[in-house]
Peer 1: 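Take a look at the following structure, please.
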Amino acid sequence: MKSLTLYDTMARRKRAFEPIDQDRVTMYVCGPTVYSYAHIGNARPPVVFDVLRRVLGYLYGAESVVLAANITDIDDKIMAAARESGEGIEAVATKFARIYREDLDALGIVPPTLEPKATDHIQPMIAMMQRLVDGGHAYAAEGHVLFSVKSYEAYGALSKRSLDDMIAGARVEVAPYKKDPCDFVLWKPSADDEPGWDSPWGRGRPGWHLECSAMCETHLGETIDIHGGGIDLVFPHHENEIAQSTCAHGGKSMANYWLHNGFLNMGSDKMSKSLGNVALIHDLLKSWPGEVLRCALLTAHYRAPLTWNSDLLAKTRRSLDRIYGVLRRLGHLEAAPGDVPEAFLDALLDDINTPKAMSELFALAGEANKAETPQEKAEAKGRLLAAGALMGLGQADPDAWFGLTDIDPEERAAIDALILKRQEAREAKDWALADEVRDELNARQIQVDDGPEGSTWRKMG
RNA sequence: GGCACCGUGGCGGAGUGGCUACGCAGAGGACUGCAAAUCCUUGUACCCCGGUUCGAUUCCGGGCGGUGCCUCCA
């Protein structure tokens with residue numbers, strides 16, 4: 001079997017991937033806090049790790065990959081949003097979790113195997129805290145339960161920071177009940193009008209970091225294969241997860257591979273500057289196919305920063321037009337079942353190098369365009385589709401991509417009539433009339449393509 | 001201030017110690033009634049300065065420039 005190489009943040013280098021159990025490859029990706037619409041930046045981890053998941057599924061079998069992506073449905077931000085809108089906390093969380101799922105679905109993301117919610121895991125969180133307190137890794141103070149960072153020697157290993165540096169650089173006010181400025185909250189007390197759960201330390205609610213540790217343990221076990229998230233989560237979130245889980249599990253490491261995607265920067269064009277709401281996935285989907293957003297997020301290597309602007313989207317659309325153009329041309333042919341081409345697979349196996357993989361995808365498109373016999377064409381189409389499937393690209397109906405299906409019947413009839421009229425004019429070699437009709441079609445945002453077997457049309461992008 | 005990352009042709013963006021990335025845009029050609037699509041060809045890219053080397057965009061050091069994180073933002 002071919003082997004996958006992944007860049008492990010903990011080791012700061014690429015490492016060959018070896019799962020603990022080939023029949024159950026476990027992966028946990030930190031999900032959103034559902035208090036508002038998700039930003040396009042929020043979509044980068046789900047898209048990137050969706051590709052990784054597909055690759056793992058290809059290597060080990062789709063049923064052997066268990067992906068857990070949590071939903072944080074209790075948080076001060078949700079409480080604030082609920083207060084503002086007058087809705088209940090649960091209503092806000094449920095609503096935005098639903099919208100989040102819809103957004104990801106539009107981006108072609110396979111739903112995670114498990115989608116644990118924080119509020120469903122209060123008991124495991126309390127149990128984990130109890131173990132930490134019993135083991136001397138956490139302490140109660142004024143209704144809070146805090147993790148004692150000094151109790152975990154390796155604290156800072158992931159982010160490569162020393163405790164001393166952190167204390168020296170600390171620019172936050174230190175709560176008086178903390179034994180050490182870097183201690184973080186596992187549990188905090190809730191006021192009577194705030195949501196809370198009973199615990200041995202009083203009524204309260206969990207801290208963010210604890211949620212992920214407890215959910216990961218509950219569903220995937222004490223040590224998992226891959227833990228992923230945005231690079232901004234390295235510190236403190238993942239550092240704290242490691243501290244909690246390791247100390248609660250007698251020193252067992254939490255994850256064998258830590259993967260982090262680079263940040264998505266907002267470009268300086270009006271798109272992000274103006275209202276600040278145009279970069280919401282929800283809004284972008286009104287102007288662009290989800291696949292364009294997905295592909296745009298994959299144009300840069302997942303660890304590299306990516307600058308987001310409207311130019312990127314326009315270019316990405318043109319690129320995908322090329323893929324769908326060839327698929328449309330071969331639409332009448334049944335794709336020959338083919339395996340994923342080697343060069344394409346190799347690119348993805350090398351730390352999920354999606355830009356490289358995409359260049360291979362274009363090479364496959366070129367091959368398909370140049371194929372001469374029906375046999376060659378069918379095989380080329382099969383290869384292109386098989387490769388695209390691993391990245392979640394090129395799987396849609398080409399006609400739909402070019403706007404042929406989503407059009408009202410009246411408009412459609414008018415276009416067909418014009419196409420026919422032009423065809424007759426061309427047969428009569430009445431070029432003036434043919435061009436006139438084409439202008440008319442262009443005015444309707446329709447591009448006509450003349451081929452050896454007649455004319456086809458598509459919506460102008 | 002501390003830690004980490006980055007600087008490639010018009011734009012986006014891979015990669016490599018010496019050989020074409022790729023896509024978009026541009027130029028020329030083929031095909032076509034003309035377009036479009038497609039195919040072919042094309043652009044003397046690798047922040048600056050040292051060092052290592054037969055040879056560096058690629059390794060090392062320094063500089064300049066940009067970015068992220070530093071208690072709950074993916």
Side-chain angles (χ1 to χ4, degrees), chain A residues 9 12 29-33 38-49 72 75-77 147 149 156 159-162 164-175 178 181-185 188 207-212 228-237 239-240 260-265 295-296 298-301 303-307 309 311-312 314-323 325-326 328-329 347 350 353-363 365-366 368-370 426 429-432 434-435 438-439 442 447-452 455-458 460:
Chain A
T9 306
R12 302 279 157 141
V29 177
C30 291
T33 299
H39 187 266
I40 186 66
N42 299 124
R44 197 172 184 193
V47 167
V48 160
F49 291 109
T72 295
D75 180 272
D76 288 5
K77 281 184 180 163
F147 185 90
V149 292
S159 55
K160 303 282 182 281
R161 294 158 200 249
S162 75
D164 293 341
D165 288 343
M166 285 183 253
I167 293 165
R171 15 165 245 214
V172 280
E173 279 184 56
V174 178
K178 286 189 179 181
C182 292
D183 290 351
F184 57 89
V185 172
K188 56 181 148 192
W208 178 42
H209 313 303
L210 181 66
E211 298 173 9
C212 283
I231 196 165
D232 55 315
L233 294 186
V234 170
F235 188 87
H237 186 53
E239 199 72 75
N240 291 353
H260 294 96
N261 63 271
F263 216 78
L264 187 134
N265 301 313
C295 189
L298 296 173
T299 52
H301 182 91
R303 281 190 280 118
L306 174 63
T307 301
N309 55 46
D311 194 40
L312 172 69
K315 283 176 175 172
T316 303
R317 187 192 189 112
R318 302 296 299 263
S319 300
L320 283 170
D321 280 349
R322 191 174 159 78
I323 303 290
V326 63
R328 187 182 179 201
R329 238 164 281 125
D350 181 15
N353 191 337
T354 53
K356 184 86 187 299
M358 231 175 290
S359 80
E360 296 299 337
L361 209 56
F362 288 117
N369 275 328
K370 277 176 276 188
R426 292 185 70 217
K429 299 202 189 297
D430 184 350
W431 309 127
D435 291 352
R438 181 165 61 200
D439 289 343
N442 289 353
Q447 172 68 49
V448 197
D449 302 302
D450 296 334
S455 304
T456 57
W457 58 272
R458 62 194 152 95
M460 288 174 169

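Since the model is a prediction, treat every value here as computed from it, not as a measurement. Note on naming: letters A, B, ... go to the chains in the order of the sequence lines (proteins, then strands), and numbering restarts at 1 for each one.
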Peer 1: Between A:Asn240 and B:C72, does any side-chain N or O lie under 4.0 Å from OP1 or OP2?
Peer 2: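 The answer is no; no side-chain N or O of A:Asn240 sits under 4.0 Å from OP1 or OP2.
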Peer 1: Report the distance from atom CG of A:Leu264 to atom C1' of B:U67, rounded to the nearest whole Å.
Peer 2: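 Going from CG in A:Leu264 over to C1' in B:U67 covers 13 Å.
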Peer 1: Expected output check: what is the dot-bracket annotation of RNA chain B, where ( ) and [ ] are pairs inside the strand (brackets for crossing ones), | is paired with another strand, and pairs are Watson-Crick or G-U under 3.5 Å?
Peer 2: (((((((..(((.....[...))).(((((.......)))))....(((((..]....))))))))))))....
Peer 1: Using side chain to side chain contact (heavy atoms under 4.5 Å, CB included) as the criterion, list what pairs up with A:Arg329, not counting sequence neighbours.
Peer 2: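 Checked A:Arg329 against side chain to side chain contact (heavy atoms under 4.5 Å, CB included); matches are A:Val326, A:Asn369.
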Peer 1: Applying ring-ring contact (aromatic ring centres under 6.0 Å, His included), name anything that partners A:Trp208, two or more places apart in sequence or on another chain.
Peer 2: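 With sequence neighbours excluded, A:Trp208 shows a ring-ring contact (aromatic ring centres under 6.0 Å, His included) to A:His237, given in chain and number order.
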Peer 1: My understanding is that only residues two or more places apart in sequence, or in another chain, count here; which of them pass side-chain hydrogen bond (donor to acceptor under 3.5 Å, both in side chains) with A:Asp350?
Peer 2: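 Once residues adjacent in sequence are excluded, the partners of A:Asp350 under the side-chain hydrogen bond (donor to acceptor under 3.5 Å, both in side chains) criterion are A:Lys14.
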Peer 1: Would you list the protein and nucleotides 22-25 of chain B atom pairs, both N or O, that sit under 3.5 Å from each other?
Peer 2:
{"unit_1": "B:G23", "atom_1": "O2'", "unit_2": "A:Ser319", "atom_2": "OG", "d": "2.3"}
{"unit_1": "B:A25", "atom_1": "OP1", "unit_2": "A:Arg318", "atom_2": "NH1", "d": "3.4"}
{"unit_1": "B:A25", "atom_1": "OP1", "unit_2": "A:Arg318", "atom_2": "NH2", "d": "2.6"}

Peer 1: Mind checking what makes side-chain hydrogen bond (donor to acceptor under 3.5 Å, both in side chains) contact with A:Ser359, not counting sequence neighbours?
Peer 2: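 For A:Ser359, no residue satisfies side-chain hydrogen bond (donor to acceptor under 3.5 Å, both in side chains) once neighbours in sequence are set aside.
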Peer 1: Determine the contact category for A:Ala304: base if any of its heavy atoms lies under 4.0 Å from a base atom, sugar-phosphate if only primed atoms, P, OP1 or OP2 are that close, otherwise nothing.
Peer 2: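 Since only primed, P, OP1 and OP2 atoms lie under 4.0 Å of A:Ala304, the category is sugar-phosphate.
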Peer 1: Identify whether any heavy atom of A:Gly41 sits under 4.0 Å from a base atom; if not, whether one sits that close to sugar-phosphate; answer base, sugar-phosphate or nothing.
Peer 2: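 Base contact.
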Peer 1: With heavy atoms under 4.0 Å as the rule, sort A:Gly366 into base, sugar-phosphate or nothing.
Peer 2: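 Result for A:Gly366 = sugar-phosphate.
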Peer 1: By the 4.0 Å heavy-atom rule, please label A:Asp450 as base, sugar-phosphate, or nothing.
Peer 2: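 Base, at least one base atom sits under 4.0 Å.
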Peer 1: Looking for any heavy atom pair under 4.0 Å, which part of the strands does A:Asn353 touch: base, sugar-phosphate only, or nothing?
Peer 2: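 A:Asn353: backbone/sugar contact only, no base atoms under 4.0 Å.
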Peer 1: With the criterion being N/O to N/O and under 3.5 Å, what pairs connect the protein with nucleotides 26-28 of chain B, and how long is each?
Peer 2:
none

Peer 1: Would you indicate what A:Arg303 reaches in the nucleic acid, counting non-hydrogen atoms under 4.0 angstrom: base, sugar-phosphate, or nothing?
Peer 2: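 Nothing, no nucleic acid heavy atom in range.
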Peer 1: For A:Asp430, enumerate each residue passing the side chain to side chain contact (heavy atoms under 4.5 Å, CB included) test, keeping only those at least two apart in sequence or located in another chain.
Peer 2: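 For A:Asp430 the side chain to side chain contact (heavy atoms under 4.5 Å, CB included) partners, ignoring immediate neighbours, are A:Ala425, A:Ala432, A:Leu433.
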Peer 1: Give a yes/no on whether any side-chain N or O of A:Lys77 is located under 4.0 angstrom from OP1 or OP2 of B:C73.
Peer 2: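 Checking B:C73 against A:Lys77, a side-chain N or O does come within under 4.0 Å of OP1 or OP2.
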Peer 1: In chain order, what residues pass the ring-ring contact (aromatic ring centres under 6.0 Å, His included) check against A:Phe147, with sequence neighbours excluded?
Peer 2: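 A:Phe147: ring-ring contact (aromatic ring centres under 6.0 Å, His included) contacts with A:Phe184.
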Peer 1: What's A:Asn369 touching, base or sugar-phosphate or nothing? Going by heavy atoms closer than 4.0 Å.
Peer 2: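 It contacts sugar-phosphate atoms only.
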Peer 1: Please enumerate all protein N or O atoms sitting under 3.5 Å from an N or O of nucleotides 40-43 of chain B, with distances to 0.1 Å.
Peer 2:
{"unit_1": "B:C40", "atom_1": "OP1", "unit_2": "A:Lys370", "atom_2": "NZ", "d": "2.9"}

Peer 1: By side-chain hydrogen bond (donor to acceptor under 3.5 Å, both in side chains), which residues pair with A:Arg44, not counting sequence neighbours?
Peer 2: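 side-chain hydrogen bond (donor to acceptor under 3.5 Å, both in side chains) list for A:Arg44, sorted by chain: empty.
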Peer 1: What pairs with A:Arg322 under side-chain hydrogen bond (donor to acceptor under 3.5 Å, both in side chains), at least two apart in sequence or on another chain?
Peer 2: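 For A:Arg322 there are no side-chain hydrogen bond (donor to acceptor under 3.5 Å, both in side chains) partners, ignoring immediate neighbours.
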